[in-house]
Amino acid sequence: MIRLVQGDRKRYMPLLLLADEQPEMVARYIDRGDMWVLTSKDASKDGVPAVAECLVTDEGAGVLEMKSLAVAPAHQGRGYGRALIEHVARTYAGRYRVLRVGTGDSPLTVPFYERCGFKRSHVVSHFFTDNYDHPIYEAGVQLVDMVYLVREL
Ligand SMILES: CC(C)(COP(=O)(O)OP(=O)(O)OC[C@H]1O[C@@H](n2cnc3c(N)ncnc32)[C@H](O)[C@@H]1OP(=O)(O)O)[C@@H](O)C(=O)NCCC(=O)NCCS
């Protein structure tokens with residue numbers, strides 16, 4: 001089940017920190033836009049409030065941006081990330097021109113988004129080295145630039 005979060009968004013902080021490990025960066029957008037969570041009976045048995053979450057914000061000029069997308073480690077690789085993207089694409093189609101996402105140039109995320117219909121758009125050089133207070137590593141590679149990908153809605 002996928003639903004819009006109406007109450008406290010901070011209860012999903014463990015998931016938000018999976019997508020973006022620095023709390024000060026998460027604080028920049030946690031209260032913006034719409035937050036969606038995917039829940040399942042399996043997860044609630046473990047006391048986890050959701051299996052996956054994402055946040056989407058209106059960036060103007062018809063651009064909807066996915067600021068955070070995370071699937072709990074035990075539930076990754078089962079189609080939940082794709083399910084959230086498809087839900088967002090269906091829900092906001094007609095109201096926005098494109099769905100945009102920014103991510104590190106990592107083999108764990110860029111191929112996932114490409115598989116879900118996104119295409120590379122542009123790069124913001126040194127985003128991770130300029131904005132984070134410590135080096136961020138993913139799959140053993142230091143993230144330096146932010147890669148933006150877009151999917152038409
Ligand atoms: C990245 C993430 C959201 C993917 O979610 P997921 O539920 O594990 O992915 P799905 O099972 O929905 O995968 C969808 C498709 O992408 C493919 N895919 C997923 N990861 C991939 C990878 N690293 N390389 C290549 N393909 C990949 C899957 O094989 C699947 O393909 P198919 O549907 O054609 O068979 C999840 O792994 C995650 O939360 N990671 C940690 C947090 C994070 O990095 N978030 C992104 C921040 S920008």
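Just follow the structure's listing: the first ligand is 1, and inside any ligand the first atom is 1. These numbers come from the heavy atoms of this one structure, side chains and all, not from hydrogens, waters or symmetry mates.
The option with the heavy atom closest to atom 24 (N) of ligand 1, from among Ser68, Pro111, Cys116, Ala70, is Pro111.
Of all protein heavy atoms, the one closest to atom 38 (C) of ligand 1 is Gln76 NE2, 3.4 Å. For atom 46 (C) of ligand 1, the nearest non-hydrogen atom of the protein is Leu69 O, 3.3 Å. In terms of protein heavy atoms, atom 29 (O) of ligand 1 is closest to Arg115 NE, 4.7 Å. For atom 32 (P) of ligand 1, the nearest non-hydrogen atom of the protein is Arg82 NH2, 3.5 Å. The single protein non-hydrogen atom nearest to atom 8 (O) of ligand 1 is Gly77 N, 2.8 Å, given as residue, atom name and distance. In terms of protein heavy atoms, atom 21 (C) of ligand 1 is closest to Phe112 CB, 4.0 Å. Given atom 22 (C) of ligand 1, the protein heavy atom at minimum distance is Pro107 O, 3.8 Å. Scanning the protein heavy atoms around atom 7 (O) of ligand 1, the nearest turns out to be Gly81 N, 2.8 Å.
Residue-to-ligand polar distances keep Leu18 apart from ligand 1: every N/O pair is separated by 3.5 Å or more. Polar contact check, Glu138 against ligand 1: no nitrogen or oxygen pair lies under 3.5 Å apart. By the 3.5 Å distance cut-off applied to N or O atoms, Gly102 is not counted among the residues near ligand 1. Remark: ligand 1 and Thr109 share no N or O pair separated by less than 3.5 Å (distance only, no angle test).
With Thr57 contributing its side chain and Glu59 its backbone, the two residues share no donor-acceptor pair below 3.5 Å. Of the possible polar contacts, none joining the Gln142 side chain to the Ile136 backbone as a donor-acceptor pair under 3.5 Å is found. Listed for the Arg82 side chain is no donor-acceptor partner under 3.5 Å among the backbone atoms of Arg78.
No side-chain heavy atom of Phe112 sits under 4.5 Å from any side-chain heavy atom of Thr103. You'll find the side chain of Arg32 stays beyond 4.5 Å of the side chain of Asp58, heavy atoms only.
A salt bridge links Arg120 with Asp105: the closest approach of a Lys/Arg side-chain nitrogen to an acidic carboxylate oxygen falls below 4.0 angstrom. Under the 4.0 Å criterion applied to side-chain N and carboxylate O atoms, Arg11 and Glu53 are not assigned as salt-bridge partners.
Atom numbering of ligand 1 starts at 1 in the shown order; those under 4.0 Å from a heavy atom of Arg78 are 11 (O). When each atom of ligand 1 is checked for a heavy atom of Thr103 under 4.0 Å away, the hits are 48 (S). The Tyr80 neighbourhood of ligand 1 comprises atoms 7 (O), 12 (O), with distances under 4.0 Å to a heavy atom of that residue. Applying the 4.0 Å criterion to heavy atoms of Gly79 picks out, from ligand 1, the atoms 10 (P), 11 (O), 12 (O).
Among the candidates Val5, Leu55, Val56, the single residue satisfying the side-chain contact (heavy atoms from CB on, under 4.5 Å) test with Asp34 is Val56.
Contact annotation: for Val71 versus ligand 1, heavy atoms closer than 4.0 Å belong to both the backbone and the side chain. When heavy-atom distances to ligand 1 are checked against a 4.0 Å cut-off, Ala52 has no atom that comes that close, whether in backbone or side chain. Under 4.0 angstrom from ligand 1, there are no non-hydrogen atoms of His75.
Here the closest non-hydrogen pair linking Val71 and Leu15 is C-CD2, 4.1 Å. Taking every heavy atom of both residues into account, Ile2 and Ala83 meet most closely at CD1-O, 3.9 Å.
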Determine all donor-acceptor pairs shorter than 3.5 Å in which one atom belongs to a side chain in residues 143-153; sequence neighbours excluded.
unit_1	atom_1	unit_2	atom_2	d
Asp145	OD1	His126	N	2.7
Arg151	NH1	Glu86	OE2	2.9
Arg151	NH1	Cys116	O	2.9
Arg151	NH2	Glu86	OE1	3.0

- Given the rule in the side chain to side chain contact (heavy atoms under 4.5 Å, CB included) test, do Val37 and Leu84 qualify, once you have shown the distances and angles that lead to the verdict? CA-CA 8 Å; Val37 290; Leu84 269 175; over 6 Å; no

